[in-house]
Trainee: 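Take this structure first; my questions come after.
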2 protein chains.
Amino acid sequence: MQITPAELEIMNVLWDKPGIGASEIADALKHDKSWNIRTIKTLVARLVEKGALGTEPDGRRYLYRPLVKRGDYQKKAAKQFVDRMFGGRAAPLVAHLADARGLSKDDIAELEKLLGELKK
Amino acid sequence: MQITPAELEIMNVLWDKPGIGASEIADALKHDKSWNIRTIKTLVARLVEKGALGTEPDGRRYLYRPLVKRGDYQKKAAKQFVDRMFGGRAAPLVAHLADARGLSKDDIAELEKLLGELKK
DNA sequence: CTTCATTGACTACGTGTGTAGTCGATACGT
DNA sequence: ACGTATCGACTACACACGTAGTCAATGAAG
């Protein structure tokens with residue numbers, strides 16, 4: 001189930017707020033993206049075709065809802081990315097994120113907690 | 001500087017062994033990928049066009065060498081990926097990797113060391 | 001009821017990407 | 001010297017992707 005970057009924007013909206021129609025998706029994206037409603041509908045249609053979204057009739061329109069869980073997709077994508085870019089090693093990835101100031105103090109604290117749990 | 005997944009395979013070979021020609025790249029990839037030498041040459045040509053690879057004549061052929069440092073590219077790609085998939089938060093990414101068994105004991109130890117340094 | 005907006009279905013189109021073929025020049029084996 | 005393998009340059013082509021237009025039906029607003 002390949003989801004492209006543009007499609008992912010749609011998925012993110014629907015993961016946050018499942019069961020809305022195309023125009024509501026457009027509203028949710030209006031501030032970050034300046035996508036034509038047509039563009040959004042095309043992306044949604046492709047996601048339905050791919051099986052990433054399910055439809056539910058609501059009058060003369062559809063409501064959409066993710067069929068893929070956000071966490072599942074993230075997990076798969078993360079593994080793929082690390083495999084491709086870092087030969088499967090996670091540590092260098094984290095090092096780079098730190099270096100790119102991608103890690104806040106909170107992140108670091110969270111990671112420490114995580115590692116504590118993993119060691120058990 | 002956009003590098004596609006297929007192109008990245010080429011870059012990985014050249015980051016490991018800079019200054020080789022197209023046929024040596026083909027040799028290095030022969031076991032994992034079954035790419036026609038033409039395909040490899042096309043990918044290499046595109047990378048040269050993009051400025052990701054430099055050329056150096058060697059008789060009637062070229063030797064290639066990365067103009068982009070592996071670490072720099074990894075860092076940029078990592079940041080992009082985390083932004084897109086996790087809204088910039090690294091911790092959930094690491095959690096997913098752990099869950100996908102993408103983290104070995106060594107990784108965990110390495111990450112702990114890393115976090116120790118980051119806290120300073 | 002007429003007009004206008006909105007909807008899903010279908011179509012379009014430039015660029016990117018994976019995968020490779022053609023061609024003319026040249027090096028290499030015999 | 002001659003055929004063959006190989007090189008770089010150029011070309012090809014299908015499918016993916018971002019971006020949007022057309023069309024016929026339908027619903028909403030006046």
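Residue numbers start from 1 in every chain, and the chains themselves are labelled A, B, ... in the order their sequence lines are given, proteins ahead of strands. These numbers were taken from a predicted model, which means no experiment stands behind them.
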Trainee: Does a side-chain N or O of W35(B) approach OP1 or OP2 of dA20(C) to a distance below 4.0 Å, or not?
Mentor: no
Trainee: Using 30° and 60° as the class limits, which term best fits the ring planes of H96(A) and F86(A): parallel, tilted or perpendicular?
Mentor: tilted
Trainee: Can you tell me if T4(A) touches the phosphate of dG18(D), counting only side-chain N or O atoms and a distance under 4.0 Å to OP1 or OP2?
Mentor: yes
Trainee: Quick one: is K41(A) getting a side-chain N or O under 4.0 Å of the dA20(D) phosphate, OP1 or OP2?
Mentor: no
Trainee: If only side-chain N and O atoms of Y62(B) are considered, is one of them under 4.0 Å from the OP1 or OP2 phosphate oxygen of dA9(D)?
Mentor: yes
Trainee: I'd like to know if K76(B) pairs up with D72(B) as an ion pair, taking the criterion as any Lys NZ or Arg NE/NH1/NH2 lying under 4.0 Å from an Asp or Glu carboxylate oxygen.
Mentor: no
Trainee: Whole-Å distance between dG8(C) P and R38(A) CZ?
Mentor: 10 Å
Trainee: Between dA12(C), dA20(C), dA20(D), which one does the side chain of R46(A) approach most closely?
Mentor: dA12(C)
Trainee: Determine yes or no for a side-chain-to-main-chain donor-acceptor pair under 3.5 angstrom, with W15(A) supplying the side chain and V68(A) the backbone.
Mentor: yes
Trainee: Just N and O in the side chain of K50(B): are any of them under 4.0 Å from OP1 or OP2 of dG16(C)?
Mentor: no
Trainee: Round to a whole Å and report the spacing from CD1 of I37(A) to P of dG21(D).
Mentor: 12 Å
Trainee: N12(B) and side chain to side chain donor-acceptor pair (under 3.5 Å): which partner among E7(B), K17(B), R70(B)?
Mentor: R70(B)
Trainee: Can any side-chain N or O of E24(B) pair as donor or acceptor with the backbone N or O of G21(B) at less than 3.5 Å?
Mentor: yes
Trainee: What is the separation between atom CG on D27(B) and atom P on dT6(D), rounded to the nearest whole Å?
Mentor: 11 Å
Trainee: From the options dC23(C), dA20(D), dG18(C), select the nucleotide whose nearest atom is closest to the side chain of L43(B).
Mentor: dG18(C)
Trainee: Would you kindly compare A22(B) and T42(A) by the position of their nearest DNA chain D nucleotide and give the one closer to the 5′ end?
Mentor: A22(B)
Trainee: Measure from the side chain of R60(A), starting at C-beta and using heavy atoms only, and say which of dC17(D), dT17(C), dT7(C) lies closest.
Mentor: dT7(C)
Trainee: Would you say a side-chain N or O of T39(B) is under 4.0 Å from OP1 or OP2 of dA20(C)?
Mentor: yes
Trainee: Could you give the CD1-to-C1' distance, from I40(A) to dA20(D), as a whole number of Å?
Mentor: 12 Å
Trainee: Rounded to whole Å, please give me the gap between NZ in K33(A) and P in dT19(D).
Mentor: 8 Å
Trainee: Rounded to the nearest Å, what distance is computed from the CD atom of residue E24(A) to the P atom of nucleotide dG8(C)?
Mentor: 10 Å
Trainee: Does I37(A) share a hydrophobic cluster with V48(A), counting links as ILVMFWY side-chain heavy atoms below 4.5 Å and allowing steps through other members?
Mentor: no
Trainee: Choose from dG21(C), dT17(C), dT22(D) the nucleotide whose nearest atom is closest to any side-chain atom of N36(B).
Mentor: dG21(C)
Trainee: Counting any heavy atom closer than 4.0 Å, what does R61(A) reach on the DNA or RNA strands: base, sugar-phosphate only, or nothing?
Mentor: sugar-phosphate
Trainee: I3(B) or S34(B): which one's nearest nucleotide on DNA chain C is closer to the 5' end?
Mentor: I3(B)
Trainee: Between dG16(C) atom P and L47(B) atom CG, what is the distance in whole Å?
Mentor: 14 Å
Trainee: Return the value, rounded to whole Å, for the distance between atom CG of D58(B) and atom P of dA27(C).
Mentor: 12 Å
Trainee: Side chain of A6(B): nearest nucleotide among dT7(C), dG18(C), dT6(D)?
Mentor: dG18(C)
Trainee: Taking only N and O in the side chain of S23(A), is any of them less than 4.0 Å away from OP1 or OP2 of dT6(C)?
Mentor: no
